[in-house]
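Counting from 1, the numbers follow the sequence of the chain as shown.
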Amino acid sequence: QVQLVESGGGLVQAGGSLRLSCAASGRTFSSYAMAWFRQAPGKYREFIALISGSGARTTYADSVKGRFAISRDNAKNTVYLHMNSLKPEDTAVYYCAADLYSRLSSSPISYEYWGQGTQVTVSS
């Protein structure tokens, strides 16, 4: 079992920045990949970024490439999403997810555990 708790969401103006955190517990954190997804009202859950267990490999969706950065601190069992140059279309509930098999997939079905989500709202 893995428990995930996100934090750091909020309201920000367009062009601003936020850092989301996701604290994990229950398994050896460095042994599995982590990812961030988001879901806006009426839309499918969208892949944002993933990171391997060691942190050596990252992958981003085209929609956030160059603006967002994923990182992890295995000593703190925490993964981060650094979001810069935020746009109103980034407004969504953001979820972190754990893939215990480290498939490094952008598909939500590859992730066994999910956090409860944190709301990010970007005003224009």
Side-chain angles (χ1 to χ4, degrees):
Q1 290 284 346
V2 173
Q3 293 79 41
L4 303 173
V5 179
E6 300 101 335
S7 60
L11 174 64
V12 64
Q13 288 189 330
S17 299
L18 278 177
R19 187 186 76 166
L20 305 184
S21 300
C22 173
S25 61
R27 288 281 188 103
T28 303
F29 185 63
S30 61
S31 69
Y32 54 86
M34 294 290 297
W36 287 94
F37 292 79
R38 68 186 180 189
Q39 190 165 17
K43 295 189 176 181
Y44 291 106
R45 193 161 294 191
E46 176 190 13
F47 167 76
I48 297 300
L50 65 84
I51 187 167
S52 61
S54 67
R57 181 173 170 180
T58 58
T59 301
Y60 295 92
D62 288 343
S63 58
V64 305
K65 202 171 292 184
R67 299 189 299 123
F68 291 11
I70 189 170
S71 64
R72 66 191 296 159
D73 185 339
N74 286 344
K76 295 183 178 180
N77 289 1
T78 302
V79 64
Y80 303 98
L81 185 67
H82 309 263
M83 305 186 293
N84 300 310
S85 302
L86 283 161
K87 305 174 181 179
E89 51 263 44
D90 293 318
T91 296
V93 177
Y94 284 69
Y95 299 90
C96 64
D99 171 13
L100 301 189
Y101 298 95
S102 291
R103 286 160 286 198
L104 301 182
S105 170
S106 61
S107 172
I109 64 173
S110 296
Y111 294 82
E112 296 86 12
Y113 295 97
W114 294 81
Q116 81 288 352
T118 186
Q119 176 71 46
V120 172
T121 303
V122 184
S123 63
S124 57

Using atom types as modelled, flag every donor-acceptor pair under 3.5 Å from a side chain in residues 10-30 to any protein atom, sequence neighbours excluded.
| residue | atom | partner | partner atom | Å |
| --- | --- | --- | --- | --- |
| S17 | OG | N84 | OD1 | 2.9 |
| S25 | OG | Q3 | OE1 | 3.2 |

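Put simply, the side chain of R67 gets close to the backbone of S85: a donor and an acceptor are under 3.5 Å apart. Between the side chain of R103 and the backbone N or O of A33, no donor-acceptor pair lies under 3.5 Å. Y60 places a side-chain N or O within donor-acceptor distance of the main-chain N or O of I70, the cut-off being under 3.5 Å. In this structure, E6 contributes its side chain and Q116 its backbone to a donor-acceptor pair below 3.5 Å. Not a single donor-acceptor pair under 3.5 Å links the side chain of R38 to the backbone N or O of A92. Checked by atom type and distance alone, the side chain of Y111 never pairs as donor or acceptor with a backbone atom of C96 at under 3.5 Å. Distance alone, capped at 3.5 Å, is enough to place a donor-acceptor pair between the N74 side chain and the G53 backbone.
Residue F37 is tested with Y94, Y95, W114 for a ring pair (Phe, Tyr, Trp, His ring centres under 6.0 Å); the sole match is W114.
Remark: the S63 side chain and the E89 side chain contain no N/O donor-acceptor pair separated by less than 3.5 Å.
Atom CE of M34 and atom CG of N77 lie 10.0 Å apart (nearest 0.5 Å). Taking CD from E46 and OG from S106, the interatomic distance works out to 10.5 Å, rounded to the nearest 0.5 Å. Taking CD of E112 as the start and CG of D99 as the end, the distance is 5.0 Å to the nearest 0.5 Å. Put simply, OG1 on T58 and CZ on R72 are 11.5 Å apart, with the number rounded to the nearest 0.5 Å.
V2 and A98 make their closest contact through CG1-CB, 4.4 Å (heavy atoms, listed as atom of the first residue, atom of the second, distance). The heavy-atom pair separating S105 from L50 by the smallest distance is O-CD2, 3.5 Å. Between T121 and Q119, the shortest heavy-atom contact is OG1-NE2, 3.3 Å. The two residues L81 and A49 have their closest heavy-atom pair at CD1-CB, 4.5 Å.
Hydrophobic clustering keeps V93 apart from F68 (ILVMFWY residues linked when any side-chain heavy atoms are closer than 4.5 Å, directly or through intermediates). No continuous path of hydrophobic side-chain contacts links Y80 to F47 [ILVMFWY only; heavy atoms under 4.5 Å]. Hydrophobic clustering (ILVMFWY, side-chain heavy atoms < 4.5 Å, transitive): L104 and Y32 are in distinct clusters.
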>> Run the salt bridge (charged side-chain N to carboxylate O under 4.0 Å, His left out) test on D90 and K87 for me, step by step, so that the C-alpha distance in whole Å, both residues' side-chain angles and the decisive distance to 0.1 Å come before the verdict.
In response: CA-CA 5 Å; D90 293 318; K87 305 174 181 179; over 6 Å; no
